[in-house]
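Here's the structure, in structure tokens; my notes come after.
Side-chain atoms are counted along with the backbone in the values below, which use heavy atoms only and exclude waters and symmetry mates. Below, chain A is the first sequence line, B the second, and so on; all start at residue 1.
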Amino acid sequence: MWRCRPRAARWAGSGLRYNFDPVPDYTPQTIETKWQQRWTETGAFEVDVDRSRPKFYCLEMFAYPSGHAHVGHVRNYMIGDVVARLKRMQGFNVLHPFGWDAFGLPAENAAIKNKLHPETWTLDNIAYMKGQLQRLGISYAWGREIATCLPEYYHWNQWLFTRMYEKGLAFRRRSNVNWCSSCQTVLANEQVVDGGCWRCGTIVTQRELEQWFLRITAYADELLQAAEGLTDWPEKVLTMQRNWIGRSEGARVKYPLVGIDGQVVDDTIEVFTTRIDTIYGATFIVLAPEHPLVDRFASESADPSQLRAQADRFRKQDRLARMSGGVEKEGFDTGRTAINPFTKQPVPVWVANFVLGDYGTGAVMGVPAHDERDFEFATKYRLPITVVVQRDGDPLDEMNLPESFADEGTLVHSGEFSGLASAEGRARMSAYAEATGIGERTVQFRLKDWGISRQRYWGTPIPMIYCDGCGVVPVPDADLPVPLPRLVEFSGRGDSPLAQIPEFVNVACPTCGTPARRETDTMDTFVDSSWYFYRFCDPTNGSAPFDPKKVGYWGPVDFYSGGVEHAILHLIYSRFFARVFRDLGMVDHDEPFARLLTQGMVLKDGNVMSKSKGNVVDPDDMIRKFGADALRLYVMFVAPPEKEVEWTDAGLEGSFRFLARVWRFVDPLTTTLQGQGIPGLAGLASLSGDEKALRRKTHDTIRRVTADFYPRVHLNTAVSALMELVNEMYAFGEKAGVTKQGRFADEQLVIERGETRAVLKEAVEALLLLISPFTPHLAEELWERLGHADGVVAAGWPVFDEAVAKADEVEIAVQVNGKVRGRVVVAADASEDAIREAALAVPQVVPHLEGKTVRKVVVVPGRLVGIVAN
RNA sequence: GCGGAAGUGGCGGAAUUGGCAGACGCGCUAGCCUCAGGAGCUAGUCCGGGCAACCGGGUGGGGGUUCGAGUCCCCCCUUCCGCACCA
């Protein structure tokens, strides 16, 4: 009989009390530990190349080992795991690896603060977070684990860097770079968010430094074009990438410069414009304060310091405000003039704070009549405004122009080009410029080359040597890796820590052998993460980053999930690196990630979880209270994976209750549902109506879960279908008399009727297999208790049988003039005529037809009948 | 300003192609079972009217297409996200 066991003690301290008096108990903690151990011991998720099976590469963005993962972090791993486990059951050879993005500033900052070496800090964190993932039951091939801070990994960063150097894709340049004073290092453009550091938010300033760059712009056009083919990426990410790359077609035009004597034309100012059709209206030239001519003009002017001071002031203006238009347009006249090559008229050359030094040529032609910014500037400084594009239909009043007209129109006052439409004007004028050598058509990108030098310790040493005799010399492959030296003082000062280690810096030149110096900057950690997905295919290769044959089998990643915050960082860098490897002949695809899913964040009290806000939910706490399976199920059920979710304890409790409900139903049946005497279902003609209905529900659930799962990844609705099946099983138990008030009469239950056992067995087994990607521990445990020795993967994904799922009869709705007035049950295979007849005879429908003529009857088989009457 | 996504019960969210709006869960209510219930089982739960069968309204607002619109088209409002002086 029922044993009544108050179980409050188990929950002591958790703030929750549950007693489950009727055994059996669902005790996730013991089950989960058991299965996790078994998976580890048997290497259950390790895989190898197997060309006899289709592969599936399932990857979640690897983790920065920051300390402890919270549920916001682990949601992503759960999503990937559910997909990986499904694909395994569907017979795919699934590569599902994990690793650590282990270089980076926090380790170094922690070292400064806690007097702990970054490596110790990092490896400790990795150990802890790996444990967290294992406690969640994520099915990783841990045998392939990588950590980017280990020489076995960063060796290949260095190797690739020297390949890129050889191909001219890595180069050194002195330029203005983004500087974060808090992180004490340079940032790439992608890493500046709203004018601040992507990591700490500190406002970024400009510094001129000699830096290493990767020539991502060489692939700008291809990266843009190929985005069209990424049909399984979120549109949002593609849009962000397109905007970031920022392609614009236009022309560069040279304005001959009038010399200081006012006569001699000795040089040119080149401008970039997308609107060469407006060039007759260019009444001035504006240089960016950073433009090299500014300094020259100053030198040549009567009062050099005055000019320089003004330009300096612009340069020092808040970059964020200057970039976002938050600063009022200001400028000054350099006193010089240039010749508009189309009008042959002299135009003044100004310097203004709204012109960007690092876009185009750093100089623009001012066309106030047809550009909003130029209009504002010309109005302020009383520069001439000339209309050269006339609005069609509603002509502009040239004498009194209230605002600029930036749209297309018909050219006027444009010499031989007058009368042309804007587009035609652009074509003819560009051709003219090219023919006369005053300009050329160009495509301008907003994307800049990727500055990767970092003045920090905890990163990949850049494998370059500076020799007074030979210049810049890459470290030969045979001398790689250049190991990161261990002994370092962490001062937190703003220079490269490696520069203070003479044993590191001083080196013989690989070419001539004379004393030389090593590069002391390290690489941006985004280099590490730009190709790690290839390393997973061959993680221990000691002679190459990876074996192309292995990447040929596993690549590209079939399903990649992670946060949107990497839309223009990691995801664009990786697309770049994939092409570099392709051009090195090492990979045979262009795009590294066939499908991308950007998972939504988990909020707590309306905020993103973060340690500093103190609102993190620790997965281990939840596992202790409810088990990893309940946590996984809840996170998958609460919303679609792409959506942001608000964490609720009550929701997690609900998922726990559901699993306990599964357990209470299935566990007592595990004896009676196995062994001899269960009739096969195929020849079962003697099923009761309830038994047939349960079979139908079972197969309908198989259909729904399978369809929701992949590629749709509607995981929340897949779970709800499983809940419906369980509800139906309980109802069936009552009706079949095997349960009373949801409880079985005996722990060692025996169900006499073979048909009942057969349909229950089918339902229970389907349920366990379908739920196993979500709650693998519970599924494996009950599956084993049902007498299966080989586990759910061996069993395979359940197969939907349409003949079983098909109902004999269906209820269809009957509408009269668009309103549902009644329902009628008809045979599933009834003819349209029969359905129509039945619908017109429905008692609730008849009154609505009284006194009216039926004009039309629309029959949608299986759905409804629409009657039009008036 | 430009671009993208989205507005559905008290809440999270369902609804392949236009076809019974609100599945499933949370919360709430009632009953059962209980020494007890904060456990379990069952039922109810969009709004208004009615004892009820039913009737009317209803997917941000307004128009439209259609036998039929949460879904398609046009206009508007709101929210979130991204970009933002890129010439």
Open item on the list: Students often get this wrong, so: under 4.0 angstrom with heavy atoms, is F445(A) touching a base, only sugar-phosphate, or nothing?
Closed with: nothing

Open item on the list: I'd like to know if the side chain of E734(A) pairs up with that of T739(A) as donor and acceptor (distance under 3.5 Å, no hydrogens or angles considered).
Closed with: yes

Task: Whole-Å C1' distance, U16(B) and U65(B) - done: 23 Å

Could you list the donor-acceptor pairs under 3.5 angstrom formed by side chains in residues 809-819 of chain A, with sequence neighbours left out?
unit_1	atom_1	unit_2	atom_2	d
N817(A)	OD1	A869(A)	N	2.9
N817(A)	ND2	A869(A)	O	2.9

Open item on the list: Is G9(B) syn or anti, taking syn as a glycosidic angle within 90° of 0?
Closed with: syn

Open item on the list: Categorize T648(A) for me: base, sugar-phosphate, or nothing, with a 4.0 angstrom heavy-atom threshold over every strand shown.
Closed with: nothing

Open item on the list: What is the separation between atom CG on N353(A) and atom P on A87(B), rounded to the nearest whole Å?
Closed with: 18 Å

Under 3.5 Å, N/O pairs linking protein and nucleotides 32-34 of chain B:
unit_1	atom_1	unit_2	atom_2	d
C32(B)	O2'	Q741(A)	NE2	2.7
C32(B)	O2	Q741(A)	OE1	3.4
C33(B)	O4'	Q741(A)	OE1	3.4

Open item on the list: Quick check: W647(A) with Y634(A) (ring centres under 6.0 Å apart)?
Closed with: yes

- [ ] Apply side chain to side chain contact (heavy atoms under 4.5 Å, CB included) to N727(A) and list each qualifying residue two or more places apart in sequence or on a separate chain.
- [x] R661(A)

TODO: Can you tell me which stems involve RNA chain B, if a stem is defined as three or more consecutive Watson-Crick or G-U wobble pairs, both distances under 3.5 Å?
DONE: B:1-7 with B:77-83, B:10-12 with B:24-26, B:27-32 with B:40-45, B:46-49 with B:54-57, B:60-64 with B:72-76

Task: Closest to side chain of A650(A), choosing from C67(B), G19(B), C26(B) - done: C26(B)

TODO: Could you check whether G651(A) gets within reach of a base, just the sugar-phosphate, or nothing at all, counting any heavy atom under 4.0 Å?
DONE: nothing

TODO: Report the residue from V347(A), N340(A), V286(A), T278(A) that forms a side chain to side chain contact (heavy atoms under 4.5 Å, CB included) with M365(A).
DONE: T278(A)

Task: By ring-ring contact (aromatic ring centres under 6.0 Å, His included) - contacts of Y381(A) (at least two apart) - done: W350(A), F377(A)

Task: R426(A): salt bridge (Lys or Arg N to Asp or Glu O under 4.0 Å) partners, not counting sequence neighbours - done: D277(A), E408(A)

Open item on the list: Whether the side chain of E372(A) and the base of G1(B) hold a donor-acceptor pair under 3.5 Å is what I'd like checked.
Closed with: no

Task: Residues in ring-ring contact (aromatic ring centres under 6.0 Å, His included) contact with F405(A), at least two apart in sequence or another chain - done: none

Task: G13(B) to G7(B) separation - P atoms, rounded to the nearest Å - done: 10 Å

Task: Of the listed nucleotides G4(B), A87(B), A84(B), the one nearest the side chain of K236(A) - done: G4(B)

- [ ] Choose from C26(B), G56(B), C67(B) the nucleotide whose nearest atom is closest to any side-chain atom of R821(A).
- [x] G56(B)

TODO: Classify the nucleic acid contact of E376(A) as base, sugar-phosphate or nothing, counting any heavy atom under 4.0 Å across all strands shown.
DONE: nothing

- [ ] Under the ring-ring contact (aromatic ring centres under 6.0 Å, His included) rule, collect the residues that match up with Y280(A), sequence neighbours excluded.
- [x] F342(A)

Open item on the list: Under 4.0 Å, counting only non-hydrogen atoms across every strand here, what does R704(A) touch: a base, just sugar-phosphate, or nothing?
Closed with: nothing

Open item on the list: Using a heavy-atom cut-off of 4.0 Å across all strands, would you classify R661(A) as base, sugar-phosphate, or nothing?
Closed with: sugar-phosphate

Mind listing the side-chain donor-acceptor pairs of residues 246-253 of chain A below 3.5 Å, one per line with the distance, residues two or more places apart or on another chain?
unit_1	atom_1	unit_2	atom_2	d
R247(A)	NE	D221(A)	OD1	3.0
R247(A)	NH1	E249(A)	OE2	2.7
S248(A)	OG	Y359(A)	OH	3.0
R252(A)	NH2	Q444(A)	OE1	3.4

Open item on the list: Under 4.0 Å, heavy atom to any atom of RNA chain B: which of residues 719-728 of chain A qualify?
Closed with: S720(A), M723(A), E724(A), N727(A)

- [ ] Take nucleotides 5-13 of chain B nucleotide by nucleotide from the 5' end and write B, S or -, depending on whether a protein heavy atom sits under 4.0 Å from the base, only from the sugar-phosphate, or from neither.
- [x] -------BS

TODO: Identify the two heavy atoms, one from G822(A) and one from V842(A), that lie closest to each other, and give their separation to 0.1 Å.
DONE: CA-CG1, 4.3 Å

- [ ] Output all residues satisfying ring-ring contact (aromatic ring centres under 6.0 Å, His included) with H291(A), sequence neighbours left out; order by chain, then residue number.
- [x] none

TODO: Determine the contact category for H370(A): base if any of its heavy atoms lies under 4.0 Å from a base atom, sugar-phosphate if only primed atoms, P, OP1 or OP2 are that close, otherwise nothing.
DONE: nothing

